[in-house]
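Structure, as structure tokens:
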Amino acid sequence: MFFMTEKLDPKSADDILKKYDKESDTMMYKGVMAKIVSAIAITFSVFQLYTATFGVLDAQLQRAVHLGFGLALGYLLYPTRKSWSRYKVHPFDVLLAVFGAVTPAYIVMEYQHLVLRSGTVSGIDLVVGLLGILLVIEATRRIVGLPMVCVVLAFLIYAFAGPYMPGVLAHRGLTIEQLVGHLYFTTEGIFGIPLGVSSTFIFLFILFGAYLESTGLGKFFIDLANAIAGWASGGPAKVAVLSSGLMGTVSGSSVANVVGTGSLTIPMMKKLGYHKDFAGAVEAAASTGGQLMPPVMGAAAFLMAEFVGVPYIDIVKAAIVPAFLYFAGIWLGVHFEAKRGNLKGIPRNQLPKIGTILRERGHLALPLIVIVYLLVSGYTPMRAALVAIVLSILCSALRKSTRMKPIEIVRGLDRGARNVLSVLVACASAGIIIGVVTKTGVGLKLASGLLDLSGGLLLPTMFFTMITAIILGMGVPTTANYVITSTIAAPALVQMGVPVLCAHMFVFYFGIIADVTPPVALAAFAGSGISGGNPLRTGINASKLAIAAFIIPYMFVLSPVLLMIEGTAFDLLLTILTALIGMVALSSALIGYLADDCSTIERLVLIAGGLMMIKPGFLTDIAGFALFVVILFLQLKRRKSAVQA
């Protein structure tokens, strides 16, 4: 079959993943060392499952054990230098791994004494705490990247340089004892909310995703997408959008999603006739939206639930309509490109049958259905994820073709622990930033500065917040990006009367969309690596396809009904309808085709009409719709005349 014979060589896909996804470029041990690392990872997962089942430890103890396992694994799996052999263990890395385990273990062993000292830092506390902070920063450099380290160091420098800072940024400054005590021996710094969420919800959902991948759910999604949309105009591109959206329900990594589904869909698109720059862009834009797709969104969504103070299911509910609009925008762009290039789909006789797919592998999706039901029913995310993990193993056993062997179940524990490392370290580093912000009060100062810069007007404030989130997103992962922007920029929006959830979702969206925003667009670069296209042009095309993600956040800030937190059902339906028509207008303008090729004037009119319909308001909706109808009528008339001629 066509859809099964066009897959990229697995080795090439793996190389691309390691090139653009830093967390995938790990050591490849053999023999005894491989067994030792696996044993640590499996023990880590068993600890998390045990505490999820029988009750978590006290907050600081749970987070300390979580960090100890993470640092030990991180230093063993990510070498000090890229030039070092990926197969040979280095004594220096082993030494750092031991220190990484011991420094958090000090909190566990001395917990009672630390509580009794009530924040007083002894000499040994100072040494251990300082070493622990340095180990977190070095692990961040290895696993997350240097840009995140630069952000952390900037905040640490600010903590000491307060008396020398100009104007509103000035503060009394902190001593080394005050800073270490706050960052390492309280739950306001490294062991704060981000690491707390990582040590409970996030780990279990990542483990759940690892088991779903082991069952072959990804292949099921791709085959299902082929059966649904492969025959349509531009079928393979629509398959890429649909399969990436489905994969996004279990994958929180844009780059991993690109490589996972793109290794199959991008060659298909190229064979159909799509330009390689556009083929890579389709997969990049669709895969980036995976972090926006309920029910299992990116790790930052779990942090949002804690920061905003609402159940995770409320975040999921709020994300449904924006995610739908985002993928609808990409689908429309793909459709108009196919129509413009007269690109056909795959013959139906070369595609799998929906009934056959659902009958043979439909049971693999049951855990996803159950986890949504549990969340809606009031279960905690941790309990829902725990049930879903067990169910994913049981469901795979319903058919021999999907059944996991005992060794595969054990490997799932190993893989889940490895997959969480980048999020774990990013959360620990984000804790340093939050610790400095809470200790110095710089968050409110920066929020006030942002308001002053925008003149107290909402739209300029939103624009500057967007730019901040996108720039940060080019260098730091979504989790850390969200923590920083929600601490610094979101309060400025809240001060202007924006609902808290809208403000946090706003920065969350733009932190994610940085993955397809040039000049540093990792998802687009990964897509170009598979397609053989130009990375910059792929990024530009991906940004055009993902235009919805640049507009939707403005929509739900101006009209919170899109997040289902205000308004009636009729208001919601009307807003969705006008937004969809606006998306049609914008997508056709950017691609250059609606019912016929668009002239420059027509594209400008469609852009104006699309933006009017996207902006909430009766008059703007009517005006935008009128402009759209006029252009559509003119193009249909022109096309009819051309056919008759």
Shortest non-hydrogen separation from [X] to [Y] and the atoms involved:
X: L207; Y: G416; result: CD1-CA, 3.9 Å
X: G431; Y: L183; result: O-CD2, 4.5 Å
X: Y184; Y: G129; result: CD2-CA, 3.6 Å
X: N481; Y: G511; result: ND2-CA, 3.2 Å
X: A385; Y: I371; result: CA-CD1, 4.1 Å

> How about F201 and Y312: are their ring centroids closer than 6.0 Å?
Replying inline: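 Centroid distance F201-Y312: not below 6.0 Å, so no.
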Separation between [atom1] of [X] and [atom2] of [Y], rounded to the nearest 0.5 Å:
X: L563; Y: I320; atom1: CG; atom2: CD1; result: 11.0 Å
X: E408; Y: S396; atom1: CD; atom2: OG; result: 8.5 Å
X: L303; Y: C427; atom1: CG; atom2: SG; result: 5.0 Å
X: L424; Y: N419; atom1: CG; atom2: CG; result: 12.5 Å
X: F69; Y: I40; atom1: CZ; atom2: CD1; result: 8.5 Å
X: L61; Y: S199; atom1: CG; atom2: OG; result: 11.0 Å

Heavy atoms, side chains only, cut-off 4.5 Å: are [X] and [Y] in contact?
X: Q291; Y: D515; result: yes
X: D58; Y: Y111; result: yes
X: T215; Y: C395; result: no
X: I432; Y: I137; result: yes
X: R142; Y: L77; result: no
X: M148; Y: I433; result: yes
X: F508; Y: I512; result: yes
X: I488; Y: T468; result: no

>> Using a 3.5 Å distance criterion without hydrogens, assess whether the side chain of R141 forms a donor-acceptor pair with backbone atoms of T80.
In response: yes
>> Checking the side chain of S45 only, and the main-chain atoms of L413 only, is there a donor and an acceptor separated by less than 3.5 Å?
In response: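 Indeed, once roles are kept as given, a pair shorter than 3.5 Å links the two residues.
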> Got a sec, which residues hit salt bridge (charged side-chain N to carboxylate O under 4.0 Å, His left out) with E110, two or more places apart in sequence or on another chain?
Replying inline: none
> Residues two or more places apart in sequence or in another chain: which of them pass salt bridge (charged side-chain N to carboxylate O under 4.0 Å, His left out) with D314?
Replying inline: none
> For L368 and L212, what are the C-alpha separation, side-chain angles and deciding distance, and is it a side-chain contact (heavy atoms from CB on, under 4.5 Å)?
Replying inline: CA-CA 9 Å; L368 280 175; L212 286 182; 4.2 Å; yes
> Run the side-chain contact (heavy atoms from CB on, under 4.5 Å) check on L421 and Y78 step by step: do they pass?
Replying inline: CA-CA 10 Å; L421 292 179; Y78 297 86; 4.1 Å; yes
Restricting to side chain to side chain contact (heavy atoms under 4.5 Å, CB included), what partner residues turn up for [X], sequence neighbours left out?
X: A97; value: Y75, L76
X: T53; value: L386
X: T402; value: R361, H363, L364, R399

Taking ring pair (Phe, Tyr, Trp, His ring centres under 6.0 Å) as the definition, give me every residue that meets it alongside [X], ordered by chain and number, with sequence neighbours left out.
X: Y211; answer: none
X: Y50; answer: F54
X: F307; answer: Y482

Enumerate, atom names and distances included, each donor-acceptor pair closer than 3.5 Å involving a side-chain atom of residues 173-182, sequence neighbours excluded.
residue	atom	partner	partner atom	Å
T175	OG1	Q178	N	3.1
T175	OG1	Q178	OE1	3.4
Q178	OE1	T175	N	3.0
H182	NE2	G435	O	3.3
H182	NE2	T438	OG1	3.2

>> Let's go through F302 and T200 carefully: what are the C-alpha distance in whole Å and the side-chain angles of both, what is the deciding distance for side-chain contact (heavy atoms from CB on, under 4.5 Å) to 0.1 Å, and is it a yes or a no?
In response: CA-CA 10 Å; F302 295 95; T200 50; over 6 Å; no
>> What I want to check is whether the side chains of D125 and Y106 have a donor and an acceptor closer together than 3.5 Å.
In response: yes
Just list the side-chain donor-acceptor pairs under 3.5 Å for residues 188-198, sequence neighbours left out, or say none.
residue	atom	partner	partner atom	Å
S198	OG	H66	NE2	2.9

>> Tell me which pairs pass ring pair (Phe, Tyr, Trp, His ring centres under 6.0 Å) where either residue lies in residues 149-180, with sequence neighbours left out.
In response: Y158-H171
> Is there a side-chain contact (heavy atoms from CB on, under 4.5 Å) between F208 and L204 once you walk through the steps?
Replying inline: CA-CA 6 Å; F208 172 51; L204 292 177; over 6 Å; no
>> Filter on side chain to side chain donor-acceptor pair (under 3.5 Å), then keep only pairs touching residues 425-437, sequence neighbours left out; what's left?
In response: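 Listed by first then second residue: T140-S429.
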